[in-house]
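Small disclaimer: the values here were computed from a predicted structure and weren't measured. Chain identifiers are assigned alphabetically (A, B, ...) following the order of the sequence lines, protein sequences preceding nucleic acid strands; residue numbering begins at 1 within each chain.
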2 protein chains.
Amino acid sequence: MEAAVSEILKRSQLSVTDSRKRILEFFHQSSGALAHADIERLSGEQFDRVTIYRTLQTFVEKGIIHSIPTADNSIRYALCKDDCAEGHHHDNHIHFVCDKCGTTFCLDHVSIPAVQLPMGFTSSQTDVIVSGVCKQCNAA
Amino acid sequence: MEAAVSEILKRSQLSVTDSRKRILEFFHQSSGALAHADIERLSGEQFDRVTIYRTLQTFVEKGIIHSIPTADNSIRYALCKDDCAEGHHHDNHIHFVCDKCGTTFCLDHVSIPAVQLPMGFTSSQTDVIVSGVCKQCNAA
DNA sequence: TACATATTTGCAACTTTGTTGCAAAACAAA
DNA sequence: TTTGTTTTGCAACAAAGTTGCAAATATGTA
């Protein structure tokens with residue numbers, strides 16, 4: 001794991017630092033998406049708030065993570081799949097938000113249906129956010 | 001217009017006040033969705049920030065407007081169609097965000113395609129946000 | 001390994017955004 | 001009108017995010 005995240009950072013031409021390794025590990029260990037506050041909590045205030053902001057921003061720019069649209073005012077981030085290149089995200093997968101446990105999942109294996117836009121509109125990206133109850137909460 | 005918004009407020013059992021009338025008019029006059037900051041600007045600082053926050057919150061609760069998920073950290077609101085009852089929104093239409101002018105449109109006449117969820121997941125609502133270039137910007 | 005350079009971090013101060021309690025003002029019903 | 005309820009604006013606060021800069025860390029080269 002430790003080695004894996006360093007490789008990812010190097011591939012993105014980023015200096016390998018403690019904060020970047022730790023934060024990237026959090027994403028790899030987490031089943032759902034993470035918000036800034038989650039990372040602050042997970043790291044036990046080890047890093048400055050500013051460092052976390054800047055690290056997340058850098059990861060987004062480098063295509064390592066992407067932000068997920070939410071109706072409440074919290075930005076959540078999740079790992080991008082390999083086909084996310086720098087600058088341009090084509091993370092065309094579905095995000096599922098569980099109403100019970102609050103976890104946000106990326107459903108990578110669910111394909112996004114094509115949307116028929118009105119005349120004159122052209123699309124570059126489609127985000128689908130399904131809310132409901134997740135597998136774990138339905139079983140409980 | 002003036003009369004129309006008063007009717008809407010009464011139907012939702014809300015007191016008809018200056019701020020509510022003005023803010024509701026802004027939504028009727030706007031082609032796209034509005035954020036808190038837009039309303040502050042449109043009203044020319046006529047109303048207190050707090051009043052705008054509370055008015056928007058009340059409108060959401062009464063099913064007059066709904067919030068739109070965004071990837072950046074700004075909540076935007078748009079008018080609900082008639083079938084939005086108090087407490088429960090089934091605004092199952094597509095939201096389109098223009099990358100050029102930043103306007104958010106509700107595409108009411110575009111139907112949301114069904115999504116095939118993995119085993120164990122149940123859905124209560126589906127939001128689709130398409131980003132790209134809108135009709136006006138494509139023409140220009 | 002040590003050095004020089006470039007990048008990143010943490011701190012402090014600040015801005016923006018959103019919340020809460022309460023008295024004054026506006027509204028609704030009689 | 002008058003009375004009781006709701007809403008507004010103010011003030012103070014809390015949370016979230018940004019910026020500049022010096023110290024610390026990482027990288028490439030010798």
Side-chain angles (χ1 to χ4, degrees), chain A residues 2-3 5-26 33-62 64-77 86 102, chain B residues 2-3 5-26 33-62 64-77 86 102:
Chain A
E2 167 84 41
V5 294
S6 298
E7 279 314 304
I8 295 171
L9 292 172
K10 279 179 194 157
R11 256 205 304 279
S12 299
Q13 298 172 312
L14 290 173
S15 312
V16 178
T17 67
D18 275 357
S19 45
R20 286 178 180 164
K21 280 193 288 184
R22 290 287 314 276
I23 292 175
L24 190 46
E25 276 172 18
F26 292 146
L34 297 175
H36 179 275
D38 296 320
I39 293 165
E40 223 171 358
R41 188 174 36 74
L42 283 169
S43 67
E45 271 81 41
Q46 187 187 351
F47 308 114
D48 195 85
R49 275 169 357 100
V50 180
T51 301
I52 299 176
Y53 280 118
R54 290 196 268 225
T55 302
L56 289 173
Q57 193 179 306
T58 305
F59 283 0
V60 170
E61 282 163 9
K62 291 294 182 177
I64 299 173
I65 60 175
H66 60 268
S67 65
I68 300 173
T70 52
D72 63 345
N73 210 14
S74 70
I75 317 184
R76 273 194 278 281
Y77 301 90
E86 179 166 354
Chain B
E2 167 83 39
V5 294
S6 298
E7 281 312 305
I8 294 172
L9 292 172
K10 279 180 193 157
R11 256 206 303 282
S12 299
Q13 299 172 310
L14 291 173
S15 311
V16 179
T17 66
D18 274 359
S19 45
R20 285 178 180 164
K21 279 192 288 185
R22 290 287 314 276
I23 292 174
L24 191 46
E25 274 171 20
F26 292 146
L34 297 175
H36 179 276
D38 296 321
I39 293 165
E40 223 171 358
R41 189 175 36 73
L42 283 170
S43 66
E45 271 80 42
Q46 185 187 352
F47 308 114
D48 196 85
R49 274 170 356 99
V50 180
T51 300
I52 299 176
Y53 280 118
R54 290 197 268 227
T55 303
L56 290 172
Q57 193 180 305
T58 304
F59 284 0
V60 170
E61 281 162 10
K62 291 294 182 178
I64 298 172
I65 60 175
H66 60 269
S67 66
I68 299 173
T70 52
D72 63 345
N73 210 14
S74 70
I75 316 184
R76 273 193 278 280
Y77 301 90
E86 178 167 353

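A straight line from CG of A:Asp38 to P of D:dA16 spans 11 Å, rounded to a whole angstrom. Per the geometry, CD1 belonging to B:Ile39 stands 13 Å off P belonging to D:dT8, to the nearest Å. Atom CG in B:Asp48 sits roughly 14 Å away from atom P in C:dT19 (whole-Å rounding). Per the geometry, CD1 belonging to A:Ile52 stands 12 Å off P belonging to D:dA16, to the nearest Å. Taking atom CZ of residue A:Phe59 and atom P of nucleotide C:dT8, one finds them 11 Å apart after rounding to whole Å. Nucleotide C:dT7 holds its C1' atom 12 Å from the NZ atom of A:Lys62, rounded to whole Å. We find that CZ of A:Arg49 is positioned 13 Å from C1' of D:dT19, with the value rounded to whole Å. Whole-Å rounding puts the A:Leu56 CG to D:dT18 P distance at 11 Å.
Which of C:dT7, D:dT8, D:dT7 sits closest to the side chain of B:Ser19 comes down to D:dT8. Of the listed nucleotides (C:dC22, C:dT8, C:dG10), C:dG10 has the atom at the smallest distance from the side chain of A:Thr51. Checking D:dT27, C:dC27, C:dG18 against every side-chain atom of B:Tyr53, the shortest atom distance belongs to C:dG18. The side chain of B:Val50 lies closest to C:dT20, out of C:dT17, C:dT20, C:dC27.
At distances below 3.5 Å, not a single donor-acceptor pair connects side-chain atoms of A:Arg76 with backbone N or O atoms of A:Thr70.
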Derivation and outcome, side chain to side chain contact (heavy atoms under 4.5 Å, CB included), residues A:Val16 and A:Lys21
CA-CA 7 Å; A:Val16 178; A:Lys21 280 193 288 184; 3.7 Å; yes
Would you sort out whether A:Ile39 and A:Thr55 count as a side chain to side chain contact (heavy atoms under 4.5 Å, CB included), showing the intermediate values?
CA-CA 11 Å; A:Ile39 293 165; A:Thr55 302; over 6 Å; no
Side chain to side chain contact (heavy atoms under 4.5 Å, CB included) between A:Asp38 and A:Arg41: does it pass, once the steps are laid out?
CA-CA 5 Å; A:Asp38 296 320; A:Arg41 188 174 36 74; 3.1 Å; yes
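Using a 4.0 Å cut-off, some side-chain N or O of B:Arg20 falls inside it from OP1 or OP2 of D:dT7. Within the structure, a side-chain polar atom (N or O) of B:Thr17 is placed less than 4.0 Å from OP1 or OP2 of D:dT8.
Summary of the strand contacts: B:Ser74 and A:Asp18 both lie near DNA chain C, and taking for each the nucleotide with the nearest heavy atom, the more 5' one is attributed to A:Asp18. Between A:Arg54 and A:His36, the residue whose closest nucleotide on DNA chain D is further toward the 5' end is A:His36.
The shortest side-chain heavy-atom distance between A:Leu14 and A:Phe59 falls under the 4.5 Å cut-off.
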